[in-house]
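One structure is given here, and the rest of the page talks about it.
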Amino acid sequence: TSHTLIKATYTLMTQSVKSNLLYQLFLFPGNDAKYYKDKLSLTDATFARLIAQLKEDLQHFQVSIVVSNGYRIRGES
């Protein structure tokens, strides 16, 4: 149905943006939120939501996002 197609498209778009944010955090650590929001054209609300989702997703791999002199990805020891 049309609803299913819209839902699938939304999921792919969200995952893509989330994947791009994770990529940016991994390759360009230490930047402030403005850097990532500008780089990916994200609103404040979208950035906050994606960071929260990534934090939850990364917990499964014992990895976290820390904010200390910018955003960084850190593996738990």
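The chain is numbered in sequence order, starting from 1. Every heavy atom of this structure was used, including side-chain atoms; hydrogens, water molecules and symmetry mates were not.
- A 4.5 Å side-chain heavy-atom check between Arg72 and Ile65 finds every atom pair outside the cut-off.
- For Ser64, the side-chain contact (heavy atoms from CB on, under 4.5 Å) partners two or more places apart in sequence, or in a different chain, are Val66, Arg74, Glu76.
- Residue Leu40 comes nearest to Leu21 through the heavy atom pair CD1-CA, 3.5 Å, listed as atom of the first residue, atom of the second, then distance.
- The side chain to side chain donor-acceptor pair (under 3.5 Å) test with Lys34 is passed by exactly one of Asp32, Asn31, Asp38: Asp38.
- Note on residues 51-60: pairs passing salt bridge (charged side-chain N to carboxylate O under 4.0 Å, His left out), not counting sequence neighbours, are Lys18-Asp57.
- Two residues are said to be in side-chain contact when any heavy atoms from C-beta on lie closer than 4.5 Å; Ile51 and Leu25 meet this criterion.
- Side-chain atoms of Ser16 and Ser19 include no donor-acceptor pair closer than 3.5 Å.
- For the atom pair CG of Leu22 and CD of Gln53, the computed distance is 12.0 Å after rounding to the nearest 0.5 Å.
- Sorted by first and then second residue, the ring-ring contact (aromatic ring centres under 6.0 Å, His included) pairs with a member in residues 22-47 read Phe47-Tyr71; sequence neighbours excluded.
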>> Please evaluate residues Lys37 and Asp44 with respect to the criterion side chain to side chain contact (heavy atoms under 4.5 Å, CB included), reporting the C-alpha separation (whole Å), side-chain torsions for both, the decisive distance (0.1 Å), and the verdict.
In response: CA-CA 7 Å; Lys37 290 186 291 187; Asp44 292 343; 2.4 Å; yes
